[in-house]
Amino acid sequence: MNYVCQYAIVRFLPYAETGEFANVGIVLHCAHTGEFQFRLMTRVRRITAFFEELDVTVYRRARKELSDELTRVEQLFQTHPQRKESEFGRQLFLELTRPREAMLRFDKPRVVMAQDVGQKFEELYNFYIGRNFVSREYQEKLIEKEVRSALRQANLIGHYREQVLGDRSYHARFPFVRSTDGMPMAVIKPLHLGQDEPTQIYDHGWEWVGKVRKLRQQAFLPAQVLFAVQGPQAGSPECDQVFEEISAELQAQQVEVVDHREVARIIAFAGQVA
């Protein structure tokens, strides 16, 4: 028999102003069976890869507070006199996952069908949390961390800061922007194009080709732009071909495309305009 389950993704959003978040947990409830399950990620090393300057005790503290709250909710599902009433469970879950202004917050509740509630919970956790940190966002955070470290060692990090370029109608975030009197002079952007499928490389690559083209058309980008790129692993001619095509398109938009491991070239670029 298939059961209707509600679930929500727990997101860690330490800096509301940037909107960046990491998926760190799952909560799930099945009104038909009364089951309630939750799990929050404990591996803080993954958090520091996303938010390099964050004190990990901030996440640990927020995780403990939410874990305590979820434990109390779990007890309600197990002991409340109305626990066997499906409407009670639905309303309790909706109250739990209501929008909140906190570092740990819930994404909009979703619905999924499950024959085995426990198995479905594991599948959801592995999909949204277990694999979340091999995503392109995670890989680009790692490249960003490498670039920041290189700039710091070259005493150039003070010239660069994160900035959103564009206007209200169209804009993009860049982690390394050097400005003079409020005008951007140079941009360094990490880009992960090492996906396993050519289509995935196309999708993400063309996304940034389009962003660069639009920002260039509206004169929001400086002349000096460098993308520190991670390409596909050896062994896939199709992926290599797509990677070369995307690289050529970026270069056509006056973007210097550099392998993220070529630290000397990145430093030379940063130093030339610093």
Side-chain angles (χ1 to χ4, degrees), residues 1-139 141:
M1 180 177 179
N2 276 326
Y3 300 106
V4 178
C5 300
Q6 293 177 291
Y7 74 96
I9 302 168
V10 182
R11 290 177 167 175
F12 181 58
L13 193 151
Y15 308 116
E17 62 274 13
T18 67
E20 290 185 297
F21 64 86
N23 293 341
V24 297
I26 290 282
V27 294
L28 179 145
H29 171 248
C30 178
H32 293 280
T33 65
E35 293 176 73
F36 176 79
Q37 299 188 42
F38 72 90
R39 185 181 302 163
L40 301 175
M41 189 184 67
T42 59
R43 298 179 64 180
V44 296
R45 184 168 59 87
R46 293 177 168 182
I47 293 295
T48 58
F50 264 90
F51 309 106
E52 185 184 41
E53 299 178 359
L54 181 76
D55 183 348
V56 294
T57 59
V58 173
Y59 172 70
R60 290 193 178 109
R61 188 182 307 115
R63 182 187 64 200
K64 184 181 185 307
E65 291 174 357
L66 182 59
S67 180
D68 291 344
E69 179 182 353
L70 292 173
T71 299
R72 289 192 295 269
V73 171
E74 183 178 41
Q75 292 172 349
L76 280 176
F77 276 113
Q78 294 173 351
T79 62
H80 196 277
Q82 295 179 287
R83 65 185 181 278
K84 294 184 180 180
E85 299 179 15
S86 59
E87 186 59 26
F88 168 79
R90 292 191 190 96
Q91 292 302 318
L92 181 58
F93 189 82
L94 289 175
E95 174 62 22
L96 169 68
T97 57
R98 71 189 186 285
R100 55 177 77 189
E101 296 297 324
M103 289 188 183
L104 282 175
R105 58 186 72 183
F106 297 95
D107 190 21
K108 185 178 180 180
R110 311 176 189 190
V111 174
V112 66
M113 302 297 294
Q115 289 183 324
D116 185 317
V117 176
Q119 180 179 337
K120 180 57 66 174
F121 174 81
E122 293 295 333
E123 291 175 1
L124 292 170
Y125 184 87
N126 288 333
F127 182 80
Y128 287 107
I129 314 305
R131 299 178 185 177
N132 182 61
F133 294 96
V134 296
S135 66
R136 65 173 184 245
E137 291 84 0
Y138 176 63
Q139 295 298 328
K141 278 293 182 182

A.B. asks: For residues 91-98, dump all side-chain donor-acceptor pairs below 3.5 Å to protein atoms at least two apart in sequence or in another chain.
C.D. replies:
unit_1: Q91; atom_1: NE2; unit_2: E87; atom_2: OE2; d: 2.8
unit_1: T97; atom_1: OG1; unit_2: F93; atom_2: O; d: 2.9
unit_1: R98; atom_1: NH1; unit_2: E95; atom_2: O; d: 3.0

A.B. asks: Compare all side-chain heavy atoms of F127 with those of E122 and state whether any distance is below 4.5 angstrom.
C.D. replies: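 Of all side-chain heavy-atom pairs linking E122 with F127, none is under 4.5 Å.
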A.B. asks: Nearest 0.5 Å, please: how far is OG1 in T33 from CG in D116?
C.D. replies: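 Answer for the CG-OG1 pair, D116 versus T33, is 10.0 Å.
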A.B. asks: Any non-hydrogen side-chain atom of L124 less than 4.5 Å from a side-chain atom of L28?
C.D. replies: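 Heavy-atom side-chain distance check passes, below 4.5 Å.
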A.B. asks: For L66, check side-chain contact (heavy atoms from CB on, under 4.5 Å) against everything at least two apart and list the hits.
C.D. replies: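 Partners of L66 by the side-chain contact (heavy atoms from CB on, under 4.5 Å) criterion, ordered by chain and then number, come out as V10, L40, E69, L70, R100, L104, F106.
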A.B. asks: Please lay out, stage by stage, how F88 and H80 fare under the test side chain to side chain contact (heavy atoms under 4.5 Å, CB included).
C.D. replies: CA-CA 10 Å; F88 168 79; H80 196 277; 3.5 Å; yes
A.B. asks: Rounded to the nearest 0.5 Å, what separates atom OH in Y59 from atom OG1 in T57?
C.D. replies: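 Atom-to-atom, Y59:OH and T57:OG1 are 13.0 Å apart.
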A.B. asks: Do any N or O atoms from the side chain of R105 and from the backbone of A102 form a donor-acceptor pair under 3.5 angstrom?
C.D. replies: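 Checking the backbone N and O of A102 against the side chain of R105, a donor-acceptor pair under 3.5 Å is found.
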A.B. asks: Please give me the minimum heavy-atom distance between G118 and E35, naming the atom from each residue.
C.D. replies: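 So the minimum-distance heavy-atom pair works out to N-OE1, 4.4 Å.
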A.B. asks: What is the distance from atom CG of N23 to atom CD1 of I129, rounded to the nearest 0.5 Å?
C.D. replies: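 Result: 5.0 Å between the selected atoms.
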A.B. asks: Between D68 and K64, is a salt bridge (Lys or Arg N to Asp or Glu O under 4.0 Å) present by the stated rule, with each step listed?
C.D. replies: CA-CA 6 Å; D68 291 344; K64 184 181 185 307; 3.0 Å; yes
A.B. asks: If you look at every heavy atom in Y125 and M41, which pair is closest and at what distance?
C.D. replies: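 That closest heavy-atom pairing would be OH-CA, 3.7 Å.
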A.B. asks: Side chains of V117 and C5: does their closest heavy-atom pair fall under 4.5 Å?
C.D. replies: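 Yes - at least one pair of side-chain heavy atoms lies under 4.5 Å apart.
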A.B. asks: Looking only at heavy atoms, which two atoms of A114 and K120 are closest? And how far apart?
C.D. replies: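 Minimum heavy-atom separation between A114 and K120: CB-CB, 3.6 Å.
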A.B. asks: Output, in order, the C-alpha distance, side-chain angles, deciding distance and verdict of side chain to side chain contact (heavy atoms under 4.5 Å, CB included) for F36 and V73.
C.D. replies: CA-CA 9 Å; F36 176 79; V73 171; 4.1 Å; yes
A.B. asks: Give me the atom names and distance for the closest heavy-atom approach of G89 to F77.
C.D. replies: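 G89 and F77 have their closest heavy atoms at CA-CE2, 3.7 Å.
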A.B. asks: Taking side chain as C-beta onward, heavy atoms only, is V56 less than 4.5 Å from I47?
C.D. replies: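 Of all side-chain heavy-atom pairs linking I47 with V56, none is under 4.5 Å.
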A.B. asks: Between R110 and Q6, is there a side-chain heavy-atom distance shorter than 4.5 Å?
C.D. replies: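 No, side chains not in contact.
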A.B. asks: Counting C-beta onward and ignoring hydrogens, is there a side-chain heavy-atom pair between T42 and R63 closer than 4.5 Å?
C.D. replies: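 A side-chain contact exists here, since the closest heavy-atom pair is under 4.5 Å.
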A.B. asks: Could you pull out the closest heavy-atom pair between A8 and P109, with the gap in Å?
C.D. replies: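 Residues A8 and P109, closest heavy atoms: CB-CA, 4.2 Å.
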A.B. asks: Decide yes or no for V4 and M113: does some side-chain heavy atom of the first lie under 4.5 Å from some side-chain heavy atom of the second?
C.D. replies: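 Counting from C-beta outward, V4 and M113 do come under 4.5 Å.
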A.B. asks: Taking only residues at least two apart or on different chains, which pairs with a member in residues 6-16 satisfy salt bridge (Lys or Arg N to Asp or Glu O under 4.0 Å)?
C.D. replies: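 Those involving residues 6-16 are R11-D107.
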A.B. asks: Centre-to-centre under 6.0 Å for Y7 and H29, is that the case here?
C.D. replies: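 Not under 6.0 Å, so no.
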A.B. asks: Should L54 and F12 count as side-chain neighbours, where that means a heavy-atom distance under 4.5 Å?
C.D. replies: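 Touching, per the 4.5 Å side-chain cut-off.
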